Amino acid sequence: MLPKTYDPKAVEDAIYKRWEESGAFRPESCDPKGEPFTISMPPPNATGQLHLGHAVMLALEDIFIRFERMRGKKTLWIPGTDHAAIATENVVIKQLKDKGMKDPRKELGREKLIAAIAEFVEKSKATIRSQVRKMGSSCDWFRERYTFEPALNRCVNEVFCRMYKDGLIYRGHRIVNWDPKLQTTVSDDEVEYKEEKSAFYTFQYGPFQIATARPETKFGDKYVVMHPEDKRYAKYKHGETFDAEWINGPVRATVIKDASIDPEFGTGVMTITPWHDHTDFAIAEKHGLEKEQIIGFDGKLLPVAGEFYGMKIDDARPLIVEKLKSKGLLTKVDENYVHNKAVSQRGGGAIEPQIKLQWFIDVNKEVVPWKGETMSLKQIMHSVVHHGDIAIIPDRFEKTYFHWIDNLRDWCISRQIWWGHRVPVWYKDDETCVDPVAPKGQGWEQDTDTLDTWFSSALWTWSTLIDPKKAADPSLSLEEILKQSPDFQTFHPTSVMETGYDILFFWVARMILMTTYTTGQIPFKTVYLHGMIRTRDGKKMSKSHPETMIDPLDIIPKYGADALRLSMIVGQSPGADSRLYEEKIAGYRNFVNKLWNASRFVLMQCEEAKIDPKTITKLPKTSELSLADRAMLSKLQAVTKKVTDGLTEYRLSEAGDTLYSFVWDDFCDWYLELSKGNANCAVLTHTLRKILQLLHPYCPFVTEELWSHVKSDDAGLLISKSWPEVKKELIDVEAEEAFLQLISVIQAVRKIRSEQGIEPGKEIAAIIHTQKWMDLLESQEAHIRRLGKIENLTFETDAKPHKNAASVFLSDIEVHVPLEGLIDVVAERKKLQKEKEEIECFLQGIDAKLQNADFTAHAPEKVIAAEREKQKANVEKLRKIEQRLKMLEK
RNA sequence: GGGCAAUUAGCUCAGCUGGUUAGAGCGCCACAUUGACAUUGUGGAGGUCACAAGUUCGAAUCUUGUAUUGCCCACCA
């Protein structure tokens, strides 16, 4: 016999092991003729622990996969981890520093640091693997991949070189986002803007007033820019020069007219610092102006700063202002100026724009063949979503996606860190060699930069499907490797890419870019974006506030993986943030336990009837079924359809919610209750089995465990069981309707009990006046007695009023419970009066509606018919209430 | 500055293309309790569906505007 309470801790790990050993996670175990269904798991960063974001991702993808697997598709879910270049290098460097090392990069050197990181990553991968298992993820571990493995490196190198040859990758001096703290460039998407209040200074610069928040960049300024239409400065001509006294003495400056200047802002004139500002750089490029570096890559001022040379910019700023002030050049200070400061998403330090020799991907060059046209990478990215090759759920993100593409600049892909795929370019004297493998001969030095981690992640959907052995064969081209990799041929393009909306640009867009370019295929057909999980107050969970964090690893032992999964999926709509807190998880834990006990009940009924549930293989004939049986089986068909449709259309929350209320409200609260006394074990078992099947994608552990107790002998694991089909012959609308009537009678009796304050346990009698439901109710007498706790039950067709009886009027039935002088006539009258008024008011509304010619002309017949029904039922009810009131008058 | 979303019960949220007297979970109140389940059951209280105007026979649902909140993008020297 099952224990009274479900204990997930006791069974989850063993069940997972059984699944894994059965081979059920592998596509090889599926029907070979099944249509492929593939998901590439977004690889968690190999930096440590899984968090709730991963848990959501794993739960959603596991639901997709389990559902499609049960539906007979050849499903493949590839797990993996990401080497997460900057993030991982940071973590390890920090760890080494905590151990007392001052500058790990210098002290260890490239080789040793990489070895240290690799060691850390291996440990971290092991942790992640076990955590992914804890969530119940049914992914194919034999195909686990890693973004920094040799096969991936091969792909990265091949793609890089091909893009270089196509002119899509170039090296150039361009303004980039420099992170002085991490000593590397970062891409535009890795820069965040934080609001900051700072002083805003206005200085005298020759005849002009110029405003700036960053006086420390102004040493090299020798251009003043203004709008060509600005009348205030009409007398100055473009290209004209003037002399000005400046920080370190006199300078000669040139006037530049450019329409990008906002005449309304500040004084309408500014000086520019092309080396350290994106906008200024663009102006300088346009007019062919000189550029000069002011701030070094270490964040300190260069010799151009004169006496301030070598100072950190933050320290120098007040001194520079002081100096200009003493020279009488400071004309105004606004202390409350609010502007956005660029900070590094990774390191958190200030970002300093710098001009640097870097590698870029050109997103505008139209050289890529796509569907018979030659397009730029930007255009392809736009096209595949625009033409519906790729659908984004929810679709509003398509707009965001297009907007991002429109604003996309060339992607800076080189990084000055050591952990990552190294740029496959070699230099020797003046020669440059771009090739996947190192050139032969002495003296070649490989480029010291590594690639943006998203460069390799962008290849994820297809690089994980290539055969690593083929990838190791240098004689094969990338095309040949793809052609000779059966997994790639079978499983690509993948079916669904499920990930958080926060990496739509970082990752999803880049996969589209790189995969269409490399393979000529889209990477996936559907993008499903989930929202962020927030705290109860709607705040972000952050590491800096540990009390706000919910750690899946704390939750799983306490509530079970199933409860956690449900709490993150039900009530959550795609793309929308949701809040998670323990009470919610506990609620689903209760649900899982309810299911457990319902199964226990079924098993007990079978035991009592001396029927082994494992021998039950089919349902009894319809003629042998009770009303409740037929109603239940009928309802089960509707639920099966709704859940199947919901899962097919990615409405997971709705389908989950349907199951939740079906199990709790219909199956447990009514069907099981009605089964007490005369249980039909075959129907009970059948229904429970179907429920377990339908719920399996949502809560795989508990359903698998229960399945082992109720399945038929020849059935294997639930994970490999086929998905329930809708059986039309079991749909029985009449039974469902009759069942509702039965329930309302029982509820009516309960209500009277409650309203009249009838003592608990005290048996009462009820008289039921029926019209058309007479036969039904008589046949259900035992149920009504038991569930309504009624001693005597009388059915009458003529509506003779009973004096000392409380009444409830249903549309077709009225129920009276005779009370021995207990009835409070005044209260009863008041209640009925109120009810009467309500019905009258309601009937007036319906009358008006039905009288309205426009309504009868426009409304669909179904709606009109429903209104008529309502009217009839309520008129009848009203009549009864009036009769009853008259009687009470006496 | 541009864009996207949200606003429904004390809290967290459903409510699909307009059509029963607007729902659920948690919380709250009352009652129940030996045998599936206290991780329970029954009953109940609680809502001018943010506001305003419009379209319609009919609006939580569609349109427009307003307010509040959140997010994304751009960025101003």
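What you see is a predicted model; the values in this text were computed from it and never measured.
Atoms NZ and CG, on A:K849 and A:L843 in that order, are 12.5 Å from each other to the nearest 0.5 Å. A distance of 8.5 Å separates CG in A:D189 from CD in A:Q345, rounded to the nearest 0.5 Å.
Dashed line: the shortest gap from a side-chain N or O of A:N590 to OP1 or OP2 of B:rU40 is under 4.0 Å. A close approach under 4.0 Å does occur between a side-chain nitrogen or oxygen of A:K4 and OP1 or OP2 of B:rC37. Proximity of A:K676 to the phosphate of B:rA36: a side-chain N or O atom is located under 4.0 Å from OP1 or OP2. Between B:rG41 and A:K594, a contact under 4.0 Å exists linking OP1 or OP2 to a side-chain N or O. Contact check, A:K751 against B:rU42: no side-chain N or O comes under 4.0 Å of OP1 or OP2. Residue A:R579 has a polar side-chain atom (N or O) positioned under 4.0 Å from OP1 or OP2 of B:rU12. Between A:S573 and the phosphate of B:rA14, there is a side-chain N or O to OP1/OP2 separation shorter than 4.0 Å. Dashed line: the shortest gap from a side-chain N or O of A:W664 to OP1 or OP2 of B:rG41 is under 4.0 Å. Taking only side-chain nitrogens and oxygens, A:R396 never comes nearer than 4.0 Å to OP1 or OP2 of B:rA5.
With both ends at atom P, the span from B:rC71 to B:rU64 equals 25 Å, rounded to whole Å. Taking atom C1' on both B:rG46 and B:rC29, the two are 11 Å apart, rounded to the nearest angstrom. B:rG43 and B:rC26 have their P atoms separated by 14 Å, with the value rounded to a whole Å. For B:rG15 and B:rC49, the C1' atoms lie 11 Å apart once the distance is rounded to whole Å. When the C1' atom is used for both B:rA14 and B:rC57, the distance is 28 Å, rounded to whole Å. The P atoms of B:rU42 and B:rU48 are separated by 28 Å, rounded to the nearest whole Å. On the C1' atoms, B:rG41 is 48 Å away from B:rC72, given to the nearest whole Å. Straight-line distance between the P atoms of B:rA9 and B:rG47: roughly 10 Å, to the nearest whole Å.
The six-membered or imidazole ring of A:H530 lies away from that of A:Y501, with a centre-to-centre distance of 6.0 Å or more. Two rings, from A:Y660 and A:Y588, have their centers less than 6.0 Å apart. For A:H339 and A:Y337, the ring centers are positioned less than 6.0 Å apart.
Rounded to an integer number of Å, the gap from NZ of A:K539 to C1' of B:rC71 is 16 Å. Computed from coordinates, the A:E607 CD to B:rG35 C1' distance equals 12 Å when rounded to whole Å. Put simply, CZ on A:R753 is 15 Å from P on B:rG44, counting in whole angstrom units. Whole-Å rounding puts the A:H858 NE2 to B:rC57 P distance at 5 Å. Computed from coordinates, the A:K584 NZ to B:rA14 P distance equals 9 Å when rounded to whole Å. In this structure, A:Y660 atom OH and B:rC26 atom P are separated by 6 Å, rounded to whole Å. The separation between A:D854 atom CG and B:rC57 atom C1' is 5 Å, rounded to whole Å. Computed from coordinates, the A:I405 CD1 to B:rA74 C1' distance equals 17 Å when rounded to whole Å.
Among the nucleotides B:rA36, B:rG19, B:rU42, the one closest to the side chain of A:P860 is B:rG19. When distances are taken from the side chain of A:Y337 to each of B:rC76, B:rG19, B:rA36, the shortest belongs to B:rC76. Proximity note for A:H403 (side chain, C-beta onward) versus B:rC73, B:rA77, B:rC57: the nearest is B:rC73. Closest approach to the A:M604 side chain among B:rA77, B:rA36, B:rU21 is made by B:rA36 (side chain taken as heavy atoms from C-beta onward). In the set B:rA77, B:rU21, B:rA36, B:rA77 carries the atom at the smallest distance from any side-chain atom of A:H339. The side chain of A:D277 approaches B:rC76 more closely than any other nucleotide in the set B:rU21, B:rC76, B:rA36. Among the nucleotides B:rC75, B:rC76, B:rA36, the one closest to any side-chain atom of A:F265 is B:rC76.
Ring pair A:W404/A:F505 is parallel by interplanar angle, where below 30° counts as parallel and above 60° as perpendicular.
If you check B:rU7 for Watson-Crick or wobble pairing at under 3.5 angstrom, you find it paired to B:rA67. Under the Watson-Crick or G-U wobble criterion, with both distances below 3.5 Å, B:rC62 is paired with B:rG54. Pair assignment for B:rU21 gives none, since no Watson-Crick or G-U wobble pairing has each distance under 3.5 Å.
Donor-acceptor pairing under 3.5 Å, judged by distance alone, is absent between the side chain of A:K849 and the base of B:rC57. Contact of A:E673 with B:rA36 (side chain to base): a donor-acceptor pair of N or O atoms is detected under 3.5 Å.
A 4.5 Å side-chain heavy-atom check between A:L566 and A:V592 finds at least one atom pair inside the cut-off.
Among the heavy atoms of the strands lying under 4.0 Å from A:T212 are primed sugar atoms or P, OP1, OP2 only; no base atom is included. Nucleic acid contact class of A:I272 (heavy atoms, under 4.0 Å, all strands): none.
A:Y6 pairs with exactly one of A:W596, A:F591, A:F701, A:Y559 by the ring-ring contact (aromatic ring centres under 6.0 Å, His included) rule, that one being A:W596.
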